[in-house]
Amino acid sequence: MQAIGREKRVNVKAALSPEDIARACADAMWAEDDASKGLGMEIVEIGPGLATLAMTVRPDMVNGQRIAHGGFIFTLADSAFAFACNSHNERVVAAQGQITFIKPGKLGDRLIAKAREISRSGRSGIYDVRVTAGDTVIAEFRGHSRVIPGTWLPAQDK
């Protein structure tokens, strides 16, 4: 009986499409991401090497200039980056991130951060994130990632 049960188990990568793996990884990661949830972020789209997150600028997110604090814009971009680079069922962390602010975000703006994979080789990756408010580009972010031990989805016998 045990042998039959083992034969029915399938490899996660063989059983799921890359899109399904990306979604399942995002769901697992989101369940533990109190920071992104606490800032009111939402996942708009997920795919292999891709992630789109949104966040509305609240009154507690504006600075003394009465514009969106850059730290919150960076955090939104960083979260989109994180979901994009963790979409391949590897645990991945940021090694470096840099942002260029182009226009200010305003109170009430719905900011959209679209992350896309530029390069992934070995344990390293590069991802670009564009943050927009409507048709206006607010910021451009580039993140470098590093794979660490572990996966998001449970390993199964082949």
Side-chain angles (χ1 to χ4, degrees), residues 12-13 16-153:
V12 169
K13 287 192 175 188
L16 300 174
S17 71
E19 291 76 17
D20 291 337
I21 290 171
R23 178 83 254 175
C25 290
D27 290 345
M29 195 168 144
W30 185 256
E32 300 298 323
D33 190 345
D34 295 334
S36 296
K37 288 187 281 192
L39 291 172
M41 291 182 202
E42 62 185 87
I43 298 172
V44 176
E45 182 181 10
I46 292 291
L50 304 169
T52 302
L53 272 65
M55 178 182 77
T56 300
V57 179
R58 305 182 311 217
D60 61 338
M61 295 175 171
V62 297
N63 61 22
Q65 303 281 356
R66 306 310 297 160
I67 58 176
H69 190 291
F72 291 109
I73 297 170
F74 184 98
T75 302
L76 174 63
D78 184 51
S79 289
F81 161 53
F83 280 93
C85 64
N86 278 278
S87 64
H88 302 288
N89 197 27
E90 295 176 309
R91 294 232 177 204
V92 183
V93 295
Q96 174 183 330
Q98 119 183 6
I99 196 163
T100 301
F101 298 106
I102 298 167
K103 298 251 183 181
K106 298 178 184 79
L107 178 63
D109 278 352
R110 180 173 164 82
L111 303 181
I112 306 290
K114 289 188 175 199
R116 65 186 177 94
E117 188 174 277
I118 301 301
S119 170
R120 195 173 130 233
S121 179
R123 293 181 53 210
S124 298
I126 299 172
Y127 294 77
D128 282 347
V129 184
R130 174 168 283 170
V131 181
T132 59
D135 293 331
T136 303
V137 177
I138 300 297
E140 296 281 355
F141 172 101
R142 174 159 277 191
H144 295 246
S145 66
R146 190 74 168 162
V147 175
I148 60 172
T151 61
W152 288 103
L153 307 179

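Nothing here was measured: the structure is a model prediction, and the numbers come from that model.
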Asks: Please give me the minimum heavy-atom distance between Val147 and Gly122, naming the atom from each residue.
Replies: CG2-O, 4.4 Å
Asks: Roughly how far, to the nearest 0.5 Å, is CG of Leu53 from CE of Met41?
Replies: 6.5 Å
Asks: Going by distance alone, is a donor N or O of one side chain under 3.5 Å from an acceptor N or O of the other, for Ser124 and Arg146?
Replies: yes
Asks: Could you grab the distance from atom OG1 of Thr132 to atom NZ of Lys103, nearest 0.5 Å is fine?
Replies: 13.5 Å
Asks: So which atom in Arg120 and which in Tyr127 form the shortest heavy-atom distance, rounded to 0.1 Å?
Replies: CD-OH, 3.7 Å
Asks: Return yes if some donor-acceptor pair links the side-chain N/O of Asn63 with the main-chain N/O of Gln65 below 3.5 Å, else return no.
Replies: yes
Asks: Could you pull out the closest heavy-atom pair between Val131 and Ala113, with the gap in Å?
Replies: CG2-CB, 4.1 Å
Asks: Can you confirm whether Met55 sits close enough to Ile73 that some side-chain heavy atom of one is under 4.5 Å from a side-chain heavy atom of the other?
Replies: no
Asks: Indicate the ring-plane relationship of Phe83 and Trp30, choosing parallel, tilted or perpendicular according to the 30° and 60° boundaries.
Replies: tilted
Asks: Hey, what do you get for CZ (Arg130) to CD1 (Ile112), rounding to the nearest 0.5 Å?
Replies: 14.0 Å
Asks: Search all heavy atoms of Asn89 against all heavy atoms of Leu153 and return the closest pair with its distance.
Replies: OD1-N, 2.7 Å
Asks: When rounded to the nearest 0.5 angstrom, what is the spacing between OG in Ser79 and CD1 in Ile43?
Replies: 9.5 Å
Asks: Is Ile21 close to Pro48 at the side-chain level, that is, under 4.5 Å between some pair of heavy atoms?
Replies: no
Asks: Working to the nearest 0.5 angstrom, can you tell me the gap between Arg142 CZ and Thr100 OG1?
Replies: 10.5 Å
